[in-house]
Amino acid sequence: MAPHLRKQLVVVGHGMVGHRFVESAISRGLTETYDITVLGEEPRPAYDRVALTSYFEVGAEALGFLPSGAYDDPRVTLRLDTEVVAISPRQRIVTLASGEDLHYDELVMATGAAPFVPPVPGADLDNVFVYRTIEDLDAIRTASKKSKVGAVIGGGLLGLEAANALHQLGLETHVVELAPRLMAVQIDDLGGRTLNQHINKLGLTVHTGAMTEAILADKKGRVERLALKDRNPLEVDIVVFSAGIRPRDALARAAGLDVADRGGVLVDESLRSSDEHIWAIGECAAVQGTMYGLVAPGYDMAEIVVDRLLGGAGEFTGADMSTKLKLLGVDVASFGDAHGATEGALELTYQDAVSGVYKKLVISEDGKRLLGGVLVGDAAAYGILRPMVASGMELPENPEELILPASRGGLEMDLPDDMQVCSCNDVTKAQIKDAVSDGSTLNDGSPCTDAACVTAHTRAGSTCGSCKTVVKKIVEDFFTAAGREVDKSLCQHFRMTRQELFDVVAVHGYTRFDDIVEAHGSGRGCDICKPAVASILASLLNQHVLDPGNRQLQDTNDAYLGNLQKNGTYSVVPRIPGGEITPDKLIVIGQVAQEFGLYTKITGGQRIDLFGARMEDLPAIWKRLVDAGMESGHAYGKSLRTVKSCVGSTWCRYGVQDSVGLAIELELRYRGLRSPHKLKGGVSGCARECAEARSKDFGIIATDKGWNLYVCGNGGAIPSHAQLLAGDLDKETLIRYLDRFLMYYIRTADRLQRTSYWMDSVDGGLDRIREVVVDDVLGLGAELEAAMDRHVESYFDEWKATIEDPEKMARFVSFVNAPGTPDPNISFREERGQVQAAVNDGPVSLGTTIPVGAP
Amino acid sequence: MTVDTQTTFEAVCRLDQIEREGGVAALVGGVAVAVIRTFDDEVYALSNFDPFSKASVLARGIVGTKTVRSDDGEEVVPFVASPMFKQAFDLRDGTCLDDPDNGDVAVPTYDVRVIDGVVEVGPRRS
Ligand code: SRM
Ligand SMILES: Cc1cc2nc3c(=O)[nH]c(=O)nc-3n(C[C@H](O)[C@H](O)[C@H](O)COP(=O)(O)OP(=O)(O)OC[C@H]3O[C@@H](n4cnc5c(N)ncnc54)[C@H](O)[C@@H]3O)c2cc1C
Ligand code: SF4
Ligand code: FES
């Protein structure tokens, strides 16, 4: 479709739900038909508002959902600092604060909610804040530096979080709540009292049943005192309002859309407003009149609108309003029908006043179903109880066991597979079990082996985190049931991880598998540990992989320096650095293929693969290639494959740097480097990114000032884009960082763990890698660079060394006792003028007529 | 022509032509046989044909040991992993150690002996 004919979709608001909408629109293909423009009023891209309180600890970057500030899909435009001031449904136009008009075909409102500030005199003074955005927190932090005492007005979920934040900023903190107890919406009286106990213990002062009458200022107009009805005033320097939220529906009201009685853009269960081209999702929406102040229902709404725009019939049918407080040290949770509002509901409570634990279960009249509950002081059971409500599963014989302390019975129970474990991301138990059992979960064809991996792949546990313990338990139970220990052993022969093994080998200076397995392993090894040791030895020593003692360790492909094909033949891939090749070399490749009857194909890695070589022909084939100045391309190794390039500034009119030159230099520098998994690189000459560098383990994109270095990307079954490690580097710095990055990966990654998975597994992820590689916080920089220098200096071409060594060549025979006889099991058929591999149903016999040579 | 039991064994190579924990393919009676030497210098012979991938490649696999648990306790089994899809075969009797369907996939094995440093492959075992 021509660009101007594509439909335009505008999203107002780039908060949690707006962001989820765009992500889903991209992954579900809505951007095939729509250009999306997202308009966000905040100065930064969407971030994790749910985790806002951790901002003081972790900083803004850690909360951000879109660190690069742009979506990977070019059909999505994100404009920040951009407020929408009006919507004209008749003309289908939104007007920005700058006066600019934007046309839309479909409009999605995701404007969220605003804190409600009651009309108390003095609410407009300086040092009176709300608690909603990173900017709010910045302002509170700045003010706190000159303050001693703070008060939070509102003792609900958010109010307590805000109070905790003030407390952490070192202020003496008061919580002022109008209702007779804290968290009045979620918990009951007894629970509230128990909670008070905990909050007081934290060092906060709670005033319940207290009504704020005014905020009074000193002579300079600064907050001085909080006047409470029928109580002594509180001397305070800072006031934070957290007295509820109101949907941001002003735009909709002004545009004449229907709004709900209690506020919010009124939408039906398809999330469509009273105008057929305007949708509302998240906290600004009132679905059939009800507004939902949590993120999970907002995410559901986002998915439904994407579905609708794709022609689906998704409907929003209500949401689980369970909550868990994330205050440090105080567990509070409320789920389902916490107040026992259902007719005939029974209550079961457990209380331990000494340790401050209060638990209540609300059970159906027949005693069979769990309807809801409240947990204060110990919410460990929340992860299991909440989904029990949602799934409606039958209660066990003695439901009281569910709330007794874990030492007395506790949480041993079999949850049904279809039970939703993670409500934030709608993940069921079955999906979690799939992730640990299904071979297609990871790119290397293996399932997840721990809960962290499951969270990365299913999202379960990645939002509010309250389901994490259950996710972990399901994973562990799964492995226990399958008779597998959840350990990180490489295999039965080595009870350690690859990283530990690497350290053992490096520290002891081992050079032989035999010594390593003797001293640190058991048995004689297998097809898992042997190649892993071979790779470690190769990274450390860079010996020939076919040296005696080494070659029996090699995986299939390394063992014959070629990739094994389905009919038992091999492929031949000469290195073509950066994809640049002379006509002379091209001609030799063609001649070799002709002579040995090989199938030729251009690979996805910008080089040429010759398939169908018989093992005994490999040396002769490689001799021809080596004589013509070519060398092994290591297509068979867990090692550097290719560094793809675009043509770059030498020819391309847009190119700003010589991408081919750099790609060749890098490919030659890192060729032959053995690593935990294969490594690929790419270099593009400008931001148009024709080399697809960001789909590589290391990708480099030219800028006017130098090079941007991206790391940890890959294609394959689960693609991920490489992330910016450092920008505008000169070549020397770039190579230094790359040396360090690659060596750090080689030393610490798990076996067959590509860089993106490795990044996920590194504590602190990309930031940590940046600290080690760029900031050199571990002081390892020089050592890693030296290790890479050793590799570069000791590089030699494996194939050249093989054909020059009669001992290594001796293995390349079809039959040890009939070297002249081709293996009859190898068959071909023909297609499009070339050979193709064929397989036989059973072994092929030559009969006994062929004379067999004596040894 | 006289037939004695000796002639059913065929010399295929010297023992030192097979590396420890390595294998060679030999043509015995017209069919490909994988002759494999373990770390403790035991020699085994089995069909070179991998029933899973249907390619003649077993001699090129990694050789090692596996601890297998069964009702009779634990046993350390010498094995070769197919280079194609990595299924493990017991070198002693050719049974597959990780047959997904728990069927009885096994590759044929051959008698084998070493006489004066020469490896001889005998008749196929039933
Ligand atoms: C020949 C080639 C396909 C082609 O005809 O184009 C190819 C062929 C194979 N790929 Fe590939 N891949 C080829 C480019 C790619 C690319 C594209 C690229 O490099 O730009 C990708 C996606 C990019 C990436 O790796 O991130 C790719 C992703 C994979 C994967 C998935 C990796 C992952 O992390 O998900 C595997 C499986 C693995 O390595 O575990 C794989 C594995 C394989 C193996 C080695 C499978 C095997 O064990 O037999 C194939 C054997 C090649 C052979 O026999 O020579 N191949 N493979 C390409 C060789 C490139 C080269 O010149 O070296
Ligand atoms: C401290 C805190 C703790 C929380 N804890 C939890 C929790 O534990 N669990 C839970 O489920 N939820 C929690 N929430 C609620 C959760 O953050 C919200 O439900 C969620 O952010 C709603 O997403 P949204 O996209 O609808 O709104 P928002 O995330 O608020 O995004 C709306 C965006 O739209 C922008 N916008 C508004 N009007 C315009 C305009 N006219 N033009 C341009 N942009 C505009 C806003 O600036 C904002 O960036 C918490 C909230 C806070 C503040
Ligand atoms: S990435 Fe830029 S320099 Fe390279 S070919 Fe594409 S447009 Fe040209
Ligand atoms: S329930 Fe919130 S992350 Fe799973």
(request) Please determine if A/Asp514 and B/Arg20 form a salt bridge, counting it only when a charged side-chain N lies under 4.0 Å from a carboxylate O. (result) no
(request) Count the heavy atoms belonging to other residues, nucleotides or ligands that lie under 6.0 Å from CZ of B/Arg124, then report whether that count exceeds 12. (result) no
(message) Please determine whether the number of non-hydrogen atoms from other residues, nucleotides or ligands lying under 6.0 Å from atom CD of A/Glu518 exceeds 12.
(response) no
(message) Shorter than 4.5 Å, heavy atoms on both sides: which option in B/Ala81, B/Ala25, B/Gly61 has the most such pairs with chain A?
(response) B/Ala25
(message) Test of understanding: with side chain to side chain contact (heavy atoms under 4.5 Å, CB included), list the residues that count as partners of A/Gln543, not counting sequence neighbours.
(response) A/Leu541, A/Asp547, A/Asn550
Grab the two heavy atoms, one from [X] and one from [Y], that are nearest each other, plus how far apart they are.
X        : Y        : answer
B/Ala55  : A/Gly568 : CB-N, 4.2 Å
A/Asn825 : B/Ser56  : ND2-OG, 3.2 Å
A/Asn840 : B/Phe49  : O-CZ, 3.8 Å
B/Val12  : A/Asn817 : O-CB, 3.3 Å
A/Ala818 : B/Leu27  : CB-CD2, 4.1 Å
B/Pro83  : A/Thr556 : O-OG1, 2.6 Å

Rounded to the nearest 0.5 Å, how far does [atom2] of [Y] lie from [atom1] of [X]?
X       : Y        : atom1 : atom2 : value
B/Ile62 : A/Leu553 : CD1   : CG    : 7.5 Å
B/Arg60 : A/Arg811 : CZ    : CZ    : 10.0 Å
B/Lys54 : A/Ser827 : NZ    : OG    : 13.0 Å
B/Met84 : A/Asn567 : CE    : CG    : 7.5 Å
B/Thr65 : A/Gln492 : OG1   : CD    : 7.0 Å

Which portion of [X] sits near chain A, non-hydrogen atoms under 4.5 angstrom:
X       : answer
B/Thr67 : both
B/Val24 : side chain
B/Ala26 : both
B/Phe79 : side chain

Chain B contact via [X] - side chain, backbone, both or neither, heavy atoms under 4.5 Å:
X        : value
A/Ser814 : backbone
A/Ile826 : neither
A/Val844 : backbone

(message) Give the interface residues of residues 33-42 of chain B toward chain A, defined by a heavy-atom separation under 4.5 Å.
(response) B/Phe39
(message) Tell me whether A/Lys530 contacts the main-chain N or O of B/Val63 through its side chain, where contact means a donor paired with an acceptor under 3.5 Å.
(response) yes
